[in-house]
2 protein chains.
Amino acid sequence: MTRPRRTAPPAPAGLSDANLRQFIGYNMKRAYLTIDADIRPTIEALGLRPATFSALAVIIENPDITQTILGQALHIERSGVVLIVDELEGADLISRNKVEGDRRSYALRATLAGQRMWATACKRVQEHDNRVLARLSPEERTLLKDLLNRVEAAAPSGRSGEETP
Amino acid sequence: MTRPRRTAPPAPAGLSDANLRQFIGYNMKRAYLTIDADIRPTIEALGLRPATFSALAVIIENPDITQTILGQALHIERSGVVLIVDELEGADLISRNKVEGDRRSYALRATLAGQRMWATACKRVQEHDNRVLARLSPEERTLLKDLLNRVEAAAPSGRSGEETP
DNA sequence: TATTGTTATACTCTATAACTATA
DNA sequence: TATAGTTATAGAGTATAACAATA
């Protein structure tokens, strides 16, 4: 139905992992950490961290977003957003702009340098993605994302109360 | 081919995520963190942490394992293993036993209490797993694990140099 | 000389709580 | 009073480096 299951479950040396591998969360953690270790140096070579990379991505996509909303998008507290935005602003990749009618908040926008940075960072990470997904067919790639999203949505904290009633 | 793609990609409020959702690693991170947040309280209610839970799982499955090997299984340094083993030993869930012929290392074994603890902890986490995977068919569940393992194996740090030549 | 376990230390990430300035 | 941003602080998790005992 899918394929002969010829995947050697990546178990270390001569010891068994089955007790943990039975849990979807463990397989997910291992796969995620492996990918993360692969990509991180590439991101850092550009002067970014995963957190600033992600923030830049969201700001590019949602111009004039506020820090509070950015925090919600990244699932981090406002206090953490400050540091990330400080870092991006200090690198001249984004700017904090005044908001008409509310002097409390900032409208975050990527600078030109920020847009260029995102373009190249995005491209390089895409290359990693392609390398890591090389053995998966296009259908398998979308399927994997779909399954991950469904798992995320199924867990209690998964937003979207929209059940299909 | 697979199913109508009716998965609402869990995007926050009114803002777009697509820049990040394009990357398999981001979807994996989000799914993993959601599952982790779901399961953690259950594990902690038993007096365990994710790290001690995992270590107990490996020790149960590989009796007389040494700390160094345990570290390799868990992908953490030996110095970190010490703290985890201290904690498990302090809770009387495992014991450090003498090894014939090598007085440097310990043979780690679960106590009876440790085996009972693992049984109940395993059962409870399985329940979370089932809840989180509720919307996936049995085939989809194995498929998801399979895809995750293939991604993990594909990344540079993925062990198993065994290509199918 | 190399290895096992250990200790001390530091770094990253993130959360909590209290503060300020606006609303 | 409530909210946006800020600051200070603390905790979890993990890594690095140096050390003692043993191989």
Side-chain angles (χ1 to χ4, degrees), chain A residues 13 25-26 29-30 32-34 36-37 39-41 43-44 47-55 59 62 64-90 94-109 157, chain B residues 13 15 25-26 29-30 32-34 36-37 39-41 43-44 47-55 59 64-90 94-109 157:
Chain A
Y26 187 75
K29 180 179 185 180
R30 287 263 62 88
Y32 162 63
L33 288 178
T34 306
D36 181 66
I39 292 185
R40 187 176 289 257
I43 275 177
E44 287 173 348
L48 297 173
R49 295 178 297 127
T52 50
F53 172 87
S54 298
I59 294 168
N62 303 274
D64 287 340
I65 191 177
T66 68
Q67 294 187 186
T68 296
I69 305 298
L70 178 58
Q72 292 170 6
L74 298 175
H75 299 83
I76 59 180
E77 291 298 313
R78 283 172 298 149
S79 58
V81 177
V82 176
L83 306 178
I84 293 172
V85 169
D86 280 352
E87 197 172 322
L88 286 172
E89 191 186 33
I94 67 165
S95 57
R96 286 191 239 234
N97 302 97
K98 296 197 188 283
V99 172
E100 291 290 324
D102 191 339
R103 283 183 299 175
R104 290 174 305 178
S105 57
Y106 296 122
L108 305 176
R109 271 177 244 143
S157 358
Chain B
L15 37 104
Y26 187 75
K29 179 179 184 180
R30 287 263 62 88
Y32 163 63
L33 288 178
T34 306
D36 181 67
I39 292 184
R40 187 176 290 257
I43 275 178
E44 288 174 348
L48 296 174
R49 297 177 296 125
T52 50
F53 172 86
S54 298
I59 294 168
D64 287 341
I65 191 177
T66 68
Q67 294 186 185
T68 295
I69 305 297
L70 178 59
Q72 292 169 5
L74 299 175
H75 300 83
I76 58 180
E77 292 298 313
R78 284 173 299 151
S79 58
V81 177
V82 176
L83 306 178
I84 293 172
V85 168
D86 281 351
E87 197 172 323
L88 287 171
E89 191 186 34
I94 68 166
S95 57
R96 286 191 239 233
N97 301 97
K98 296 197 189 280
V99 172
E100 291 291 323
D102 190 340
R103 285 183 298 176
R104 290 174 304 177
S105 57
Y106 295 123
L108 305 176
R109 271 178 244 144
S157 359

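It should be emphasised that the depicted structure is a prediction, and the values quoted were computed from it without experimental measurement. Each chain gets a letter, A, B and so on, in the order the sequences are listed, and its residues count up from 1.
- Taking the side chain of A/Val82 as heavy atoms from C-beta on, and the options C/dA15, C/dC13, D/dT7, the nearest nucleotide is D/dT7.
- Within the 4.5 Å cutoff, the side chain of A/Asp102 has no heavy atoms near those of the A/Thr66 side chain.
- Across the protein-nucleic acid pair, B/Ile84 atom CD1 and D/dA12 atom P stand 14 Å apart, rounded to whole Å.
- When rounded to the nearest whole Å, the span between CG of A/Leu83 and C1' of C/dA15 equals 12 Å.
- The distance from atom CG of A/Leu33 to atom C1' of D/dT14 is 11 Å, rounded to the nearest whole Å.
- Screening B/Ile84, B/Ile76, B/Val85 against B/Leu70 for a side chain to side chain contact (heavy atoms under 4.5 Å, CB included) leaves a single residue, B/Val85.
- Atom CG in B/Asp36 sits roughly 12 Å away from atom P in C/dA15 (whole-Å rounding).
- Put simply, CG on B/Leu48 is 12 Å from P on D/dG13, counting in whole angstrom units.
- Both B/Ala107 and A/Pro50 lie close to DNA chain C; mapped to their nearest nucleotides by heavy-atom distance, the more 5′-ward contact belongs to B/Ala107.
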What string of B, S and - do you get for nucleotides 18-23 of chain C, 5' to 3', if B is base contact, S is sugar-phosphate-only contact and - is no contact with any protein heavy atom under 4.0 Å?
----BS

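- In this structure, CZ of B/Arg40 is placed 12 Å from C1' of C/dT14, rounded to the nearest angstrom.
- The shortest distance between side-chain heavy atoms of B/Ser95 and B/Glu89 does not fall below 4.5 Å.
- In this structure, A/Ile76 places its CD1 atom 15 Å from C1' of C/dT16, rounding to the nearest Å.
- Between D/dT7 and A/Ser79, no contact under 4.0 Å exists linking OP1 or OP2 to a side-chain N or O.
- With respect to A/Asp64, the salt bridge (charged side-chain N to carboxylate O under 4.0 Å, His left out) criterion is satisfied by exactly one of A/Lys98, A/Arg96, A/Arg109: A/Arg109.
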Please test A/Arg49 against A/Arg40 for side chain to side chain contact (heavy atoms under 4.5 Å, CB included), starting from the C-alpha separation and ending with a verdict.
CA-CA 7 Å; A/Arg49 295 178 297 127; A/Arg40 187 176 289 257; 6.0 Å; no

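- Put simply, the side chain of B/Ser54 never gets that close to the backbone of B/Ala51: no donor and acceptor are under 3.5 Å apart.
- Nucleic acid contact for B/Gln67: sugar-phosphate only, since backbone atoms but no base atoms lie under 4.0 Å from a heavy atom of the residue.
- Here the side chains of B/Leu83 and B/Glu87 are not in contact, with every heavy-atom distance at 4.5 Å or above.
- In this structure, A/Arg96 atom CZ and D/dA4 atom P are separated by 15 Å, rounded to whole Å.
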